[in-house]
Engineer: 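Here's a structure for you.
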Amino acid sequence: AGGRWGSSPVPACPAPTIAAGISPGFPLKTSLLARLVRKHNSSEWCRFVRSNPDCQLEGGFLDYLEGVFCVFPPRLLPLAVTLYALWLLYLFIILSVTAEKFFCPNLSAISTNLKLSHNVFSLTSPLHGVTFLAFGNGAPDVFSAVVAFSNPRTAGLAIGAIFGAGVFVTTVVAGGIALVKPFTAASRPFLRDVIFYMVAVFLTFVVLYFGRITLGEALGYLGLYVFYVFTVVLCTWIHRRQRGEGLPPPGHWEPEMPTDAEEQESSGTNSGDYGEEYRPLLPSRETSLHILRAALSPLDYLKWRRKPWYWRLFKVLKVPVEMVLLLTVPVVDPDKDDLNWKRPLNCLHVLTSPLLCILTLKSGAYGLYQIQGVFPVWGLVTLVGSILAIIIFITTSNEEPPKYHCVFAFLGFLASAMWINAAATELVNILRTLGVIFQLSNTVLGLTLLAWGNSIGDTFSDLTMARHGYPRMAFSACFGGIIFNILVGVGLGCLLQMTSSQLVVKLEPDSLLVWILAGALGLSLVFSFVSVTAQCFQLGKAYGICLILYYLAFVCVALLTEFRVIHLSAG
């Protein structure tokens, strides 16, 4: 078993020509990279990493494999792993902050400008998790899956993350909701979501069995999600027609949950906005410098004094991320009178957001490209952005947003998506590096670290809803929201990997572990389908304890399989 700091050297990436039966240039998986060729001592690690193409991490700004094997001496390997683990946690913070405070608000603004009903993505709507809210909440998972599927070596990471998150959310989170607040589940939404989810898992079983995904199957994943959305909309419409009602206000079937001030706090909120009673009777004209300084402040000093020490500590960790995001990602807030228009900062966004997009796409390869070998693309973007920023600053005022302010929502959506994609790329690369160090397969890394990290936000939000007396809403989110992750994550990820010359994506399971993972997810859905129905949708603590024990048993079996304690007999 791997992961020990003992005398046996941590395996570096072996030369593809050494491994028996593997031709030069064949893309080796992380598990093979870690387990093949263990005879080389630590002095040869760096040479192997630099000389073998299978050790080159595609995309990303940092080469983690070269860093751990070339920059750090062998005796400081534990220190390198500790730093990588801390950076991994911080990447999850970046994903969470970007999705919650920048990606989702801009999606909301876009839907408002496109005249889409907020009932389509409202948290309290029966259509929760279907369109915009599902895209916002599932953005880290989907981007991680797309990045992982883009490389055959890390496809197992995507499968492990999507299935692992599914098992975690449908067992630990759903079980935790039942333990926190016993409740009666909404019957029809639950049955609909579980059935669609089981169909998605069965479809994945099929493609894993054949070891490939064709263009038609990738489009089938996306088509199944479109059919799911259509079914939700149709069922909701029929149900309301039968009851003889029009569209009820948000929360008609459950009252709207009061959210914490931190969640309501817009990323562009300046620290001087404390509500109507604190606003001066006679509005004063603020200077552009004051508006810029207030808009770039991620701290509410009144809240800072009220909050406990652990909240302050976590806020300190988030402040650098929020500062950089505030500088590069505009946010349009339809709930504010001024739509969150900050003239000097929005003018700055006209320059910084396009720069961010070209410098994060393909790790800056396009942004650093020189036109005619003379003028760099980033220089051209800087020049055009500066001219547009000056024009907007001259033709607008601080007090009133321009008519085209909605364009900033689309710009913010694109910029936040590029941030999420960049962080997801780094996340996949660092997980692959940890897999080489600890001799772990991509699948086990996906079902543990990546799945837990991407699910932590959903866990806290769903359990918080349950504690505040809204367990039905939280329970529905467990099954409805993750359908988006598996269907769009696998479908879009494979579709983007396909090229005009190759319309097939090969999915070679790392080991028996992939089948255990898929089987565990399918079994958990069948268990919930049967047990919830048998209990007449009355869910209590016994149901929650069973789900959590099931997840613990699953993790134990997965780890025993990974370390070959459980394995298929030869022959």
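Predicted model only: the values in this text are computed from it and were never measured.
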Engineer: Would Phe410 and Ile110 count as a side-chain contact (heavy atoms from CB on, under 4.5 Å) if you check the C-alpha gap in whole Å, the side-chain angles of each, and the deciding distance to 0.1 Å?
Structural biologist: CA-CA 7 Å; Phe410 291 90; Ile110 289 173; 3.9 Å; yes

Engineer: Can you say whether the rings of Tyr225 and Tyr228 are parallel (under 30°), tilted (30 to 60°) or perpendicular (over 60°)?
Structural biologist: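 Judged by the thresholds at 30° and 60°, the geometry between Tyr225 and Tyr228 is tilted.
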
Engineer: Determine whether Leu355 and Thr382 satisfy the following criterion, side-chain contact (heavy atoms from CB on, under 4.5 Å), listing intermediate values before the conclusion.
Structural biologist: CA-CA 7 Å; Leu355 270 178; Thr382 302; 3.5 Å; yes

Engineer: Can you tell if the side chain of Ile392 reaches within under 4.5 Å of the side chain of Pro402, non-hydrogen atoms only?
Structural biologist: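 In short, these two side chains do not touch, never coming nearer than 4.5 Å.
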
Engineer: Please report the closest heavy-atom contact between Val488 and Leu222, naming both atoms and the distance.
Structural biologist: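 Shortest heavy-atom separation between Val488 and Leu222 comes out as CA-CD2, 4.0 Å.
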
Engineer: Only counting residues at least two apart or in another chain, list the ones meeting side-chain contact (heavy atoms from CB on, under 4.5 Å) with Ile390.
Structural biologist: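 For Ile390, the residues satisfying side-chain contact (heavy atoms from CB on, under 4.5 Å) (neighbours in sequence not counted) are Ile394.
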
Engineer: Is there a side-chain contact between Val377 and Ile371 in this structure, where contact means two heavy atoms from C-beta onward sitting under 4.5 Å apart?
Structural biologist: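 The answer is yes, as the side chains (C-beta and beyond) meet within the 4.5 Å cut-off.
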
Engineer: Main chain of Phe393, side chain of Arg343: is a donor-acceptor contact present, judged purely on distance under 3.5 Å?
Structural biologist: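 The answer is yes, because a donor-acceptor pair under 3.5 Å joins these two groups.
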
Engineer: When you measure from the side chain of Ser353 to the backbone of Thr328, do you find a donor-acceptor pair of N or O atoms at a distance under 3.5 Å?
Structural biologist: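 At least one qualifying donor-acceptor pair exists.
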
Engineer: Just wondering, do Trp341 and Lys336 contact through their side chains at under 4.5 Å, heavy atoms?
Structural biologist: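 In short, these two side chains do not touch, never coming nearer than 4.5 Å.
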
Engineer: Given Ile213 and Val490, is the side-chain contact (heavy atoms from CB on, under 4.5 Å) satisfied, shown in steps?
Structural biologist: CA-CA 10 Å; Ile213 292 183; Val490 176; 3.8 Å; yes

Engineer: For the residue pair Val407 and Leu411, establish whether any side-chain heavy-atom pair is separated by less than 4.5 Å.
Structural biologist: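 No, their side chains stay 4.5 Å or more apart.
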
Engineer: Starting at CD of Glu322, measure out to CG of Leu299 and round the result to the nearest 0.5 Å.
Structural biologist: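 Spacing of CD (Glu322) from CG (Leu299) equals 7.5 Å.
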
Engineer: Indicate yes or no: at least one non-hydrogen side-chain atom of Asn346 is less than 4.5 angstrom from one of His405.
Structural biologist: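 Counting from C-beta outward, Asn346 and His405 do come under 4.5 Å.
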
Engineer: Can you check whether Ile486 reaches Phe163 side chain to side chain, under 4.5 Å on heavy atoms?
Structural biologist: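 Result yes, sub-4.5 Å side-chain heavy-atom pair found.
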
Engineer: Tyr404 vs Phe408 aromatic rings, parallel, tilted or perpendicular, using cut-offs 30° and 60°?
Structural biologist: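 Aromatic pair Tyr404/Phe408 classed parallel.
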
Engineer: Would you indicate whether the side-chain heavy atoms of Leu91 and Leu95 approach each other to under 4.5 Å?
Structural biologist: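 No; the side chains remain at least 4.5 Å from each other.
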
Engineer: Keeping the roles fixed (side chain from Asn398, backbone from Thr287), state whether a donor-acceptor pair exists under 3.5 Å.
Structural biologist: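 Such a contact is absent between Asn398 side chain and Thr287 backbone.
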
Engineer: Search all heavy atoms of Tyr64 against all heavy atoms of Glu426 and return the closest pair with its distance.
Structural biologist: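 Smallest heavy-atom distance, with atoms named: OH-OE1, 2.5 Å.
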
Engineer: Identify, with sequence neighbours excluded, every residue that meets side-chain hydrogen bond (donor to acceptor under 3.5 Å, both in side chains) alongside Thr98.
Structural biologist: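 side-chain hydrogen bond (donor to acceptor under 3.5 Å, both in side chains) check on Thr98 returns nothing, list empty.
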
Engineer: Is a side-chain donor or acceptor of Thr433 paired with a backbone partner of Asn429 at a separation under 3.5 angstrom?
Structural biologist: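 Yes, because the side chain of Thr433 sits within donor-acceptor range (under 3.5 Å) of the backbone of Asn429.
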
Engineer: Quick check against the 3.5 Å criterion: does Asn421 have a side-chain atom that pairs as donor or acceptor with the backbone of Ala417?
Structural biologist: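 No, the answer is negative, given that no donor and acceptor are paired below the 3.5 Å cut-off.
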
Engineer: Is Trp452 reaching over with its side chain to a backbone N or O of Gly164, donor-acceptor style, under 3.5 angstrom?
Structural biologist: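 It does not hold such a pair.
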
Engineer: Of all the heavy-atom pairs spanning Val169 and Val173, show the shortest one and how long it is.
Structural biologist: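 Where Val169 meets Val173 most closely, the heavy atoms are O-CB, 3.3 Å.
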
Engineer: Report the distance from atom CH2 of Trp378 to atom CG of Leu383, rounding to the nearest 0.5 Å.
Structural biologist: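 Going from the CH2 atom of Trp378 to the CG atom of Leu383 covers 11.0 Å.
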
Engineer: Does Val226 form a side-chain contact (heavy atoms from CB on, under 4.5 Å) with Val229? I'd like the steps, not just the answer.
Structural biologist: CA-CA 5 Å; Val226 172; Val229 173; 5.7 Å; no

Engineer: Please report the interatomic distance CG(Leu449) to CG(Leu427), rounded to the nearest 0.5 Å.
Structural biologist: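 Here the interatomic distance stands at 9.0 Å.
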
Engineer: Closest heavy-atom contact between Tyr221 and Leu487?
Structural biologist: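 For Tyr221 and Leu487, the tightest heavy-atom pair comes out as CB-O, 3.5 Å.
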
Engineer: Nearest 0.5 Å, what's the CG-CG distance between Leu351 and Leu327?
Structural biologist: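 Rounded to the nearest 0.5 Å, the CG-CG separation comes out at 11.0 Å.
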
Engineer: Identify the heavy atoms of Cys494 and Ala218 that sit nearest to each other, and give their distance.
Structural biologist: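 Between these two residues, the closest heavy atoms are CB-CB, 4.4 Å.
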
Engineer: Under 3.5 Å, side chain of Ser96 to main-chain N/O of Phe92, donor-acceptor pair present?
Structural biologist: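 It does not hold such a pair.
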
Engineer: So do Met498 and Leu215 actually touch side chain to side chain, heavy atoms under 4.5 Å?
Structural biologist: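 Yes, at least one pair of side-chain atoms sits under 4.5 Å.
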
Engineer: Kindly compute the distance separating CD (Glu66) from CG (Leu62), expressed to the nearest 0.5 Å.
Structural biologist: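 So the CD of Glu66 and the CG of Leu62 are separated by 11.0 Å.
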
Engineer: Would you say the side-chain atoms of Ser416 pair up with the backbone N or O of Phe413, donor to acceptor, closer than 3.5 Å?
Structural biologist: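 It does hold such a pair.
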
Engineer: How many angstroms lie between atom CG of Leu313 and atom OH of Tyr310, to the nearest 0.5 angstrom?
Structural biologist: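 Going from the CG atom of Leu313 to the OH atom of Tyr310 covers 12.0 Å.
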
Engineer: Taking all heavy atoms of Asn340 and all of Val331, pick out the closest pair and write down the distance.
Structural biologist: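 It is ND2-O, 2.8 Å.
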
Engineer: More than 12 non-hydrogen atoms from neighbouring residues, nucleotides or ligands closer than 6.0 Å to CZ on Phe375, yes or no?
Structural biologist: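 It does: Phe375 CZ has more than 12 such atoms within range.
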
Engineer: Determine the interplanar angle of the Phe227 and Phe196 rings, folded into 0 to 90°, and report it as parallel if under 30°, tilted if 30 to 60°, perpendicular if over 60°.
Structural biologist: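 Plane angle between 30° and 60°, so tilted.
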
Engineer: Hey, is CD on Glu400 packed in by over 12 heavy atoms from elsewhere, all under 6.0 Å?
Structural biologist: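 Counting neighbours around CD of Glu400, 12 or fewer heavy atoms of other residues, nucleotides or ligands fall under 6.0 Å, so no.
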
Engineer: Has His349 got a side-chain atom pairing as donor or acceptor with Ala389's backbone, closer than 3.5 angstrom?
Structural biologist: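 Not at all, since once roles are kept as given, no pair shorter than 3.5 Å links the two residues.
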
